[in-house]
Amino acid sequence: QAQLVESGGGLVQPGGSLRLSCTASGLSLDNYAIAWLRQAPGKQREWVAGITSIGRTYYADSVKGRFTVSRDNAKNTMYLQMNSLKPEDAAVYYCNAISIGGMNYWGEGTRVTVSS
């Protein structure tokens, strides 16, 4: 059964850093565009960053210059390096993988709390 599992969330002070990981099993991420989205309490889920199968990256304006998305196909894992974290970055972060053929997988999320 194909699944994505996020890890790396936790509590960090404003200005701090975290690296989220999303590891796939039962599917190969090589042919998937993958993305990170987040959902804060009381808000809609929003797209944060994405990386295509050929490594092109895209970022929401709110995280540009602070977050870096990457992928390691050999490890079947994608990452989100988050620096200079702000309280407004606090949310549950989800990874999402979509194939050209329309296969769509979601992880269950990892919580990021930014607080002093």
Side-chain angles (χ1 to χ4, degrees):
Q1 182 177 352
Q3 63 176 353
L4 303 177
V5 178
E6 301 98 336
S7 61
L11 172 63
V12 62
Q13 292 185 344
S17 299
L18 280 176
R19 188 177 81 155
L20 307 183
S21 301
C22 174
T23 299
S25 60
L27 73 154
S28 174
L29 290 179
D30 294 36
N31 298 315
Y32 285 76
I34 44 186
W36 288 94
L37 296 90
R38 67 187 181 187
Q39 187 166 18
K43 295 187 177 181
Q44 290 188 331
R45 191 171 296 188
E46 65 172 347
W47 178 86
V48 174
I51 183 167
T52 68
S53 59
I54 59 172
R56 184 168 292 180
T57 58
Y58 300 88
Y59 298 94
D61 287 344
S62 60
V63 306
K64 200 171 295 183
R66 300 187 298 121
F67 290 13
T68 303
V69 61
S70 61
R71 62 193 299 160
D72 185 337
N73 289 340
K75 295 182 178 180
N76 222 20
T77 299
M78 62 180 288
Y79 304 96
L80 185 67
Q81 178 66 44
M82 307 186 295
N83 298 328
S84 302
L85 282 161
K86 304 176 181 179
E88 52 263 42
D89 294 317
V92 177
Y93 283 71
Y94 300 89
C95 60
N96 174 236
I98 301 177
S99 74
I100 292 176
M103 300 299 291
N104 191 348
Y105 299 98
W106 289 89
E108 294 190 350
T110 185
R111 183 174 300 277
V112 172
T113 302
V114 184
S115 175
S116 55

### Summary
Closest non-hydrogen atoms of A91 and A40, given as atom of the first, atom of the second and distance, are CB-N, 3.8 Å

### Message
Less than 4.5 Å apart, side chain to side chain, heavy atoms only: is that true for L11 and S115?
### Response
yes

### Task
Inspect the surroundings of CD in Q44 and state if more than 12 heavy atoms from other residues, nucleotides or ligands are less than 6.0 Å away.
no

### Task
Determine whether N96 and N104 make a side-chain contact, defined as any pair of heavy atoms from C-beta on separated by less than 4.5 Å.
yes

### Message
Taking atom CD as the centre, does Q39 end up with more than 12 heavy-atom neighbours from other residues, nucleotides or ligands that are less than 6.0 angstrom away?
### Response
yes

### Message
Test of understanding: clusters of I, L, V, M, F, W, Y form through side-chain heavy atoms closer than 4.5 Å, transitively. Do V92 and V69 belong to the same one?
### Response
no

#### Entry: Nearest heavy-atom neighbours spanning A90 and V114
CB-N, 3.9 Å

### Query
So, do T23 and K75 sit near enough that their side-chain heavy atoms are less than 4.5 Å apart?
no

### Task
Please confirm whether the backbone N or O of T52 pairs with a side-chain atom of Y58, one donor and one acceptor, at under 3.5 Å?
no

### Query
Mind checking whether Y59 and V112 sit in one hydrophobic cluster, side chains of I, L, V, M, F, W, Y counted as touching below 4.5 Å?
yes

### Task
Using a strict 4.0 Å threshold on nitrogen-to-oxygen distance, state whether K86 and D89 make a salt bridge.
no

#### Entry: Student check: side-chain heavy atoms of L37 and W106 closer than 4.5 Å
yes

### Message
So, taking the atom named OG1 in T113 and the one named CZ in R111, what distance separates them when rounded to the nearest 0.5 Å?
### Response
6.0 Å

### Message
Determine whether a donor-acceptor pair (N or O, by modelled atom type, separation under 3.5 Å) exists between the side chain of N76 and the backbone of L29.
### Response
yes

### Task
Identify the residue among L85, L20, N83 that makes a side chain to side chain contact (heavy atoms under 4.5 Å, CB included) with F67.
L85

### Message
I'd like to know if Y94 and L4 are part of one continuous hydrophobic network [Ile/Leu/Val/Met/Phe/Trp/Tyr, side-chain heavy atoms within less than 4.5 Å].
### Response
no

## Note on the structure
When rounded to the nearest 0.5 Å, the distance separating CD1 of I34 from CE of M78 is 4.5 Å

#### Entry: Other residues, nucleotides, ligands: >12 heavy atoms within 6.0 Å of R45 CZ
yes

### Message
Determine whether C22 and Y93 satisfy the following criterion, side-chain contact (heavy atoms from CB on, under 4.5 Å), listing intermediate values before the conclusion.
### Response
CA-CA 10 Å; C22 174; Y93 283 71; over 6 Å; no

### Task
Over 60° means perpendicular and under 30° means parallel, so classify the ring planes of Y32 and Y105, tilted if in between.
tilted

### Closest approach of D30 to S53 (non-hydrogen atoms, all atoms of both residues)
O-CB, 3.5 Å

### Summary
Hits for salt bridge (Lys or Arg N to Asp or Glu O under 4.0 Å) against E46, two or more places apart or cross-chain, chain-then-number order -> R38

#### Entry: Spacing of OG belonging to S84 relative to CZ belonging to R66, to within rounding of 0.5 Å
7.0 Å

